[in-house]
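Order of the sequence lines fixes the chain letters, A, B, ..., with proteins taken first and strands second; residue numbering starts at 1 for each chain. Basis for what follows: all heavy atoms, side chains included, without hydrogens, waters or symmetry-related copies.
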Protein chains: 2
Amino acid sequence: MGRWEPDARDRLVRAALDLFSEQGYENTAVAQIAERAGLTKSTYFRHFRDKREVLFGGQDEILELLAGGIAGAPASAGALVAVEAALVAIAVTFTEERRANGPRRLAVIASNDELRERDALKMTGFAAAMVDALKRRGVSELGAEVAAELGVLALRRAYSRWLEAGGDFAEVARRALEEVSATAAALERAE
Amino acid sequence: MGRWEPDARDRLVRAALDLFSEQGYENTAVAQIAERAGLTKSTYFRHFRDKREVLFGGQDEILELLAGGIAGAPASAGALVAVEAALVAIAVTFTEERRANGPRRLAVIASNDELRERDALKMTGFAAAMVDALKRRGVSELGAEVAAELGVLALRRAYSRWLEAGGDFAEVARRALEEVSATAAALERAE
DNA sequence: TCAAGTGATGGGACTTGGTCTCATCAACCG
DNA sequence: CGGTTGATGAGACCAAGTCCCATCACTTGA
């Protein structure tokens with residue numbers, strides 16, 4: 001396999017996921033990932049900033065979609081409705097290919113602390129993007145933080161359910177947010 | 001400074017915080033931290049599992065206190081009241097010394113992605129500990145997750161306020177949780 | 001047709017985080 | 001006083017990540 005084979009980045013992602021699944025994250029060297037993809041370590045680090053990032057690609061796009069979903073919600077919408085719009089907006093990124101690799105990817109992440117750290121930071125990033133967009137709509141700092149945290153919780157639950165059962169992600173996310181916010185409201189009365 | 005000087009761990013923490021503040025986290029090598037503490041790299045890694053952890057010591061104790069606070073709450077208490085008990089339970093760890101170093105520590109963490117990752121994972125750990133303890137009380141999975149996330153949000157806000165204004169952490173945390181949960185309840189009506 | 005330019009890649013030196021093993025030394029103990 | 005224990009020092013070693021420069025495929029313009 002010579003130079004200029006297309007889709008170097010995709011090949012790296014597939015090679016990494018395969019190797020991590022086969023032999024574990026810690027037992028896989030970056031050079032090995034690159035080799036399986038027909039590339040070298042140098043090229044790997046041109047595409048991904050570190051060993052972890054190969055499992056978390058495309059999340060910048062999600063940040064933009066979340067912010068855009070909130071900004072584009074009707075002016076009359078409250079914070080939670082805007083968060084719902086954000087979750088619906090990212091549905092386009094939940095493709096069949098992503099669903100096919102989802103379980104393996106989740107298993108790898110769960111197996112390693114470094115990867116769970118990266119995942120936690122990504123979720124923090126999602127929340128921060130929503131907080132920022134909500135505040136631009138005039139939502140209070142606290143209101144934005146609460147709504148965003150509930151949104152991230154709903155997103156996590158929706159993702160896990162979508163991996164299991166499939167279907168339209170937007171619909172799954174809507175139901176998850178509904179559940180989460182209803183639960184949050186019910187917590188109040190239960191003292 | 002020979003062997004057997006006491007408080008090796010504390011010396012490492014202080015040296016690390018000083019060096020990180022003076023010259024930045026990335027520009028500081030573990031060997032340099034150890035040297036300033038009168039120790040070697042080997043000894044550093046006996047006390048902390050990696051370069052980051054020196055900034056996050058004592059959080060295992062917090063996990064136990066959180067779980068214990070929830071387990072020890074009155075049987076009649078709802079999920080949010082149990083979470084309040086958890087936040088009150090960790091107040092003993094918020095000492096004056098910790099408050100003195102808090103701002104520098106936060107500044108260092110904010111300056112670096114690796115450290116923000118570790119921080120995010122620690123918060124996830126707090127939430128997981130509370131979810132676990134809440135479920136043992138019979139709270140539903142979803143109810144536990146929502147209550148725990150709101151609890152972590154309140155904890156973050158309380159910490160930041162306590163660093164600024166001081167006072168009894170338990171009281172600050174109680175007020176923060178009150179605000180957060182009231183805001184969560186108010187979100188529902190605002191559609 | 002060919003020479004210059006461009007962008008992705010290869011290759012290797014280098015630093016540092018982190019692991020591992022073994023030697024060393026201080027304190028404690030019988 | 002000799003043996004044990006526990007923390008430390010010392011150094012080899014590997015992999016992650018950075019950096020610099022050479023190389024090659026392809027494009028462009030004369």
Side-chain angles (χ1 to χ4, degrees), chain A residues 1-57 108-109 111-119 121-122, chain B residues 1-57 108-109 111-119 121-122:
Chain A
M1 188 176 306
R3 292 181 172 189
W4 299 112
E5 293 288 327
D7 303 321
R9 189 184 179 94
D10 282 355
R11 292 206 314 274
L12 285 168
V13 170
R14 274 192 292 271
L17 190 53
D18 287 347
L19 287 167
F20 293 163
S21 297
E22 289 168 16
Q23 57 189 25
Y25 174 81
E26 286 104 339
N27 301 323
T28 303
V30 169
Q32 195 182 2
I33 301 170
E35 185 188 11
R36 179 168 295 200
L39 298 166
T40 62
K41 201 180 78 165
S42 296
T43 303
Y44 175 95
F45 283 109
R46 276 191 202 95
H47 287 278
F48 303 100
R49 65 182 161 98
D50 57 37
K51 183 177 172 185
R52 289 154 235 144
E53 197 63 14
V54 70
L55 288 171
F56 296 90
V108 172
I109 292 174
S111 77
N112 179 272
D113 266 354
E114 288 182 20
L115 296 173
R116 299 200 306 130
E117 284 188 349
R118 179 61 49 89
D119 191 57
L121 186 65
K122 293 289 183 182
Chain B
M1 188 178 307
R3 291 181 173 188
W4 300 114
E5 292 287 327
D7 304 321
R9 189 184 179 95
D10 282 355
R11 291 206 315 273
L12 286 167
V13 170
R14 274 192 293 272
L17 190 53
D18 287 346
L19 287 167
F20 292 163
S21 297
E22 288 169 16
Q23 58 189 23
Y25 174 79
E26 285 103 340
N27 301 322
T28 303
V30 170
Q32 196 182 1
I33 300 170
E35 186 189 9
R36 178 167 298 198
L39 298 166
T40 63
K41 200 180 78 165
S42 297
T43 304
Y44 176 95
F45 283 109
R46 277 192 200 94
H47 286 279
F48 303 100
R49 65 183 159 98
D50 57 36
K51 183 178 172 184
R52 289 156 233 140
E53 197 63 14
V54 69
L55 287 171
F56 296 90
V108 171
I109 292 174
S111 76
N112 179 271
D113 267 355
E114 288 182 19
L115 295 173
R116 299 201 305 129
E117 283 187 351
R118 179 59 51 88
D119 192 55
L121 187 65
K122 293 289 182 180

salt_bridge(B:Arg116, B:Asp113) N-O dist < 4.0 Å: yes
Closest nucleotide among D:dA12, D:dC20, D:dA16 to the B:Lys41 side chain: D:dA12
Please report, rounded to the nearest Å, how far the [atom2] atom of [N] is from the [atom1] atom of [X].
{"X": "B:Leu12", "N": "D:dG9", "atom1": "CG", "atom2": "C1'", "answer": "14 Å"}
{"X": "A:Asn27", "N": "D:dC14", "atom1": "CG", "atom2": "C1'", "answer": "13 Å"}
{"X": "B:Leu39", "N": "C:dC25", "atom1": "CG", "atom2": "P", "answer": "17 Å"}
{"X": "A:Glu35", "N": "C:dG11", "atom1": "CD", "atom2": "P", "answer": "11 Å"}
{"X": "A:Gln32", "N": "D:dG17", "atom1": "CD", "atom2": "C1'", "answer": "18 Å"}
{"X": "A:Phe45", "N": "D:dG17", "atom1": "CZ", "atom2": "C1'", "answer": "5 Å"}
{"X": "A:Asn112", "N": "D:dA16", "atom1": "CG", "atom2": "P", "answer": "12 Å"}
{"X": "B:Phe48", "N": "C:dT19", "atom1": "CZ", "atom2": "P", "answer": "14 Å"}

Of all pairs that satisfy salt bridge (Lys or Arg N to Asp or Glu O under 4.0 Å), the ones with a partner from residues 16-27 of chain B, not counting sequence neighbours: B:Asp18-B:Arg104, B:Glu22-B:Arg36
Residues in ring pair (Phe, Tyr, Trp, His ring centres under 6.0 Å) contact with B:Phe45, at least two apart in sequence or another chain: none
Short side-chain N/O contact from B:Thr40 to OP1 or OP2 of D:dG9, under 4.0 Å: yes
OP1 or OP2 of C:dT9 under 4.0 Å from side-chain N/O of A:His47: yes
Other residues, nucleotides, ligands: >12 heavy atoms within 6.0 Å of B:Glu114 CD: yes
B:Gln32 atom CD: more than 12 heavy-atom contacts under 6.0 Å: yes
A:Tyr44 side chain vs A:Glu35 backbone, donor-acceptor pair below 3.5 Å: no
Those residues of residues 49-57 of chain A lying under 4.0 Å from DNA chain C by at least one heavy atom: none
Of A:Thr28 and A:Arg46, the one whose closest DNA chain D nucleotide lies more 5': A:Thr28
Straight-line distance of B:Leu19 CG to B:Arg14 CZ, nearest 0.5 Å: 13.0 Å
Touch class at under 4.0 angstrom, heavy-atom based, for A:Ser42 against every strand present: base
